[in-house]
Participant: 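Have a look at the structure that comes next, please.
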Amino acid sequence: MHSISRENHNPAATTSSLSSATNSSISEQEESQQDDITDLSNFITKVKQVLNVVKSKIEAEEHSSGEAYKTSEFLLARLAYYQLLWRADPSDQLKFHHSRDEFYRGSGERVVGSSTESVSNNSKRNHGLLLAGADEMFELADLAYNEHVSGEDLKVVLKGMGYDLIKHDTTNPVPGYLGHYVAIGNDDDDGSSLEEDNSSSSPSPKKKKKKKKKEKIAVIGIKGTSTLEDLLTDMCANSVEYTLDHPFYEGGSNTLRCHEGVYISSQRLLTDLLPLIQNLLLPSGYKIVIVGHSLGAGCATIVSLLLRASIPSLRTDSDKLKVWAFASPPVLDLTSSRGCSSFVTTIVNNCDVVPRFNIGPFVVTVRLFRAMHKRLKERNLGMTDLLLKDWSCGDNVLMSLEEIIEAMTDAISRSDDHDPDHLYVPGKVLVLYDLWEKKQLSEDDRKEEESTKDYATILKEWMKLLQEEDTLRSIDEDDAKNVSAAEEAILSDGACKALRLIEFHFDGRLIDDHLASSYRSSIANILASMENTTVA
């Protein structure tokens with residue numbers, strides 16, 4: 001059905017049909033064996049390929065600057081970056097936070113702004129359509145983990161949401177194989193609603209109960225990363241070229257570049273789901289909605305485009321198949337990621353590292369730290385100097401916040417959007433973010449207390465936190481109130497500037513913003529903000 005493009009294919013002289021068929025069979029078998037990431041040697045080979053790409057990119061950066069860059073120097077530059085942001089003067093921090101908020105606002109079309117802004121009725125309606133049902137879709141995506149907070153069985157929870165479970169594959173944890181469920185909307189709700197009856201000549205139209213046909217929906221929920229085996233799939237992150245039988249969107253190419261581990265997993269899942277979709281769900285009039293979080297989000301997109309490439313009716317009617325991808329990793333080349341915009345909606349929460357987990361953002365971050373290291377080298381400063389003295393303010397300031405922002409902007413501007421090794425999050429991309437500037441005043445008391453500590457003490461405290469077993473724990477309901485819920489949102493695509501840089505933080509937000517509780521809070525907050533937006 002779908003095959004890997006081989007650049008070194010050698011068109012041999014014409015041979016007998018029997019010989020060709022035999023060679024083709026052997027080739028397909030070899031490709032299948034190479035795609036088996038449960039095989040340790042295959043997995044090691046694929047991870048080495050990723051590391052080699054990273055190494056080549058760093059070497060290219062070294063070549064352009066004319067100097068080598070050691071790992072220890074990268075860590076030193078990162079430490080200096082932390083000190084500058086953590087210990088900077090409050091007025092400078094406020095300025096940086098304002099610049100960060102404006103950077104996000106300028107990275108796409110504003111969908112949800114501050115509560116004081118007013119929008120036209122049409123804009124409110126259009127933006128509302130973008131996010132309509134996002135809260136329910138997220139809950140359906142989260143259910144794929146089969147760990148509902150109530151402790152109830154998946155079937156029971158889905159029933160309460162109006163769906164009947166028809167398939168649930170938990171699978172034993174194996175790299176390249178994904179747990180998933182399939183559910184269809186049930187008929188418990190008769191779909192009746194109150195509508196105006198204008199047939200009467202009465203000046204006051206009466207409302208009467210009128211039957212309204214209920215839309216038939218089938219939901220496919222794909223589990224994200226929750227085991228070591230899933231993480232191994234994530235690590236096979238090389239950008240590989242694949243060839244489809246047909247383009248998955250009108251006017252597109254039948255070749256694309258994709259995250260290797262995600263593609264292999266999605267292709268296996270498609271083999272399992274295709275008969276059910278093709279022979280039962282579509283002929284029965286069901287619209288397909290595929291949802292997922294994290295790895296499950298990336299696979300949801302790839303499964304959907306493989307379905308569109310396989311079934312002509314899905315290519316001609318984009319309403320028959322939709323995807324909600326929450327916290328998707330970068331999985332497609334830029335052209336293909338934009339080609340998904342009619343049927344894929346990706347939602348990214350704040351500083352979540354997973355949608356930025358690719359070569360491109362890594363290289364941009366390296367460039368930023370390289371600028372920091374250059375300043376350290378000019379002053380001949382080392383680790384001891386950073387620990388014993390504050391270089392974040394006054395005459396000793398290592399790098400002004402304006403210079404950091406300038407270095408960040410320059411690093412992003414030098415990126416090649418169509419570098420074959422760079423992958424992007426798919427479809428329409430909604431980035432939800434909180435406002436750092438707004439939170440500055442609420443943090444002043446804590447900053448005042450922290451200012452009495454020397455940097456070595458702060459570093460020791462953070463090292464102790466990092467060593468605790470529950471540092472990367474999942475946030476439960478009791479912790480949910482502590483997450484940073486988004487207050488604004490922008491609409492963009494995979495090339496969104498806000499996703500081109502990894503935002504390093506002392507407070508663990510790279511991980512915390514990826515968790516289900518954080519997405520749930522941000523989505524709820526944004527939907528509430530949209531309801532409260534004033535219409536001009």
Side-chain angles (χ1 to χ4, degrees), residues 4-5 7 46-65 69 74 103 107-108 233-244 248-249 252-253 255-264 266 294-295 297-299 301-302 305 325 327-341 344 346 348 351-370 407-429 431 492-504 510:
I4 301 177
S5 172
E7 296 181 358
K46 294 181 186 303
V47 172
K48 281 183 177 179
Q49 290 170 347
V50 176
L51 296 177
N52 286 338
V53 171
V54 173
K55 181 181 178 182
S56 68
K57 297 298 181 184
I58 293 177
E59 288 175 347
E61 290 295 311
E62 292 174 344
H63 179 73
S64 65
S65 65
Y69 196 46
F74 178 88
F103 174 68
S107 295
T233 302
D234 294 327
M235 291 172 64
C236 297
N238 207 25
S239 170
V240 176
E241 184 176 282
Y242 293 92
T243 301
L244 308 179
F248 67 88
Y249 66 100
S253 170
T255 62
L256 54 82
R257 298 193 72 85
C258 183
H259 183 297
E260 187 174 19
V262 169
Y263 189 92
I264 291 171
S266 301
S294 192
L295 172 61
C299 290
T301 294
I302 304 306
L305 64 85
S328 173
V331 292
L332 288 169
D333 63 85
L334 185 57
T335 301
S336 298
S337 74
R338 287 172 170 165
C340 297
S341 60
V344 176
T346 294
V348 176
C351 307
D352 184 355
V353 69
V354 171
R356 300 167 170 88
F357 194 68
N358 192 247
I359 299 293
F362 174 77
V363 170
V364 168
T365 306
V366 167
R367 288 174 184 153
L368 173 61
F369 287 156
R370 180 179 288 279
M408 185 186 305
T409 304
D410 176 68
I412 293 172
S413 67
R414 289 162 51 198
S415 296
D416 179 2
D417 288 348
H418 296 284
D419 186 316
D421 294 315
H422 292 189
L423 298 175
Y424 302 84
V425 295
K428 297 185 293 288
V429 180
V431 181
S492 187
D493 59 24
C496 175
K497 287 192 298 182
L499 303 181
R500 306 299 286 275
L501 178 75
I502 300 172
E503 292 188 273
F504 284 99
L510 291 174

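Because the structure is a prediction, the values reported are computed rather than measured.
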Participant: Could you tell me the separation between the NE2 atom of His422 and the CG atom of Leu334, rounded to the nearest 0.5 Å?
Facilitator: 11.5 Å
Participant: So, for Val354 and Ser294, which heavy atoms are closest and what is the spacing to 0.1 Å?
Facilitator: CG1-OG, 4.4 Å
Participant: Please identify which of these residues, Asp417, Thr335, Asn358, Val429, meets the side-chain contact (heavy atoms from CB on, under 4.5 Å) condition with Tyr424.
Facilitator: Asp417
Participant: At what distance, to the nearest 0.5 angstrom, does CG of Asp493 lie from OG of Ser107?
Facilitator: 11.0 Å
Participant: Closer than 3.5 angstrom, by distance alone: can the side chain of Thr301 be matched with the main-chain N or O of Pro426 as a donor-acceptor pair?
Facilitator: no
Participant: Please name the pair of heavy atoms, one in Ile502 and one in Pro361, separated by the smallest distance, quoted to 0.1 Å.
Facilitator: CG1-CB, 4.0 Å
Participant: How many angstroms lie between atom OG of Ser266 and atom OH of Tyr242, to the nearest 0.5 angstrom?
Facilitator: 9.5 Å
Participant: Do you know which two heavy atoms are closest between Ser239 and Arg257, and how far apart they sit?
Facilitator: O-NH2, 2.7 Å
Participant: Just verifying a value: how many Å separate Asn52 CG and Asn238 CG, rounded to the nearest 0.5 Å?
Facilitator: 9.0 Å
Participant: Looking only at heavy atoms, what is the nearest atom pair of Cys351 and Glu503, with distance?
Facilitator: SG-OE1, 3.4 Å
Participant: Check whether any side-chain heavy atom of Ser415 lies under 4.5 Å from a side-chain heavy atom of Arg367, and answer yes or no.
Facilitator: yes
Participant: Starting at CD1 of Ile302, measure out to SG of Cys258 and round the result to the nearest 0.5 Å.
Facilitator: 3.5 Å
Participant: Of all heavy-atom pairs between Leu368 and Met408, which one has the smallest distance, and what is that distance?
Facilitator: CD1-N, 4.0 Å
Participant: Main chain of Gly261, side chain of Thr233: is a donor-acceptor contact present, judged purely on distance under 3.5 Å?
Facilitator: no
Participant: May I ask you to check whether over 12 heavy atoms, not counting those of Phe103, lie within 6.0 Å of atom CZ?
Facilitator: yes
Participant: What closest approach, in Å, do Asp333 and Leu423 show between heavy atoms, and which atom pair accounts for it?
Facilitator: N-CD2, 3.8 Å
Participant: Could you measure the distance from the NE2 atom of His259 to the CG atom of Leu295? Nearest 0.5 Å is fine.
Facilitator: 7.5 Å
Participant: Could you check Val363 against Asp419 for side chain to side chain contact (heavy atoms under 4.5 Å, CB included), going step by step and ending with a plain yes or no?
Facilitator: CA-CA 12 Å; Val363 170; Asp419 186 316; over 6 Å; no
Participant: Is Asp352 salt-bridged to Arg356, going by a charged N under 4.0 Å from an acidic O?
Facilitator: no
Participant: Could you go step by step and tell me if Ser492 and Val431 meet the side chain to side chain contact (heavy atoms under 4.5 Å, CB included) rule?
Facilitator: CA-CA 8 Å; Ser492 187; Val431 181; 5.6 Å; no
Participant: Are any non-hydrogen side-chain atoms of Phe248 and Cys340 less than 4.5 angstrom apart?
Facilitator: yes
Participant: Check whether any side-chain heavy atom of Ile359 lies under 4.5 Å from a side-chain heavy atom of Val54, and answer yes or no.
Facilitator: yes
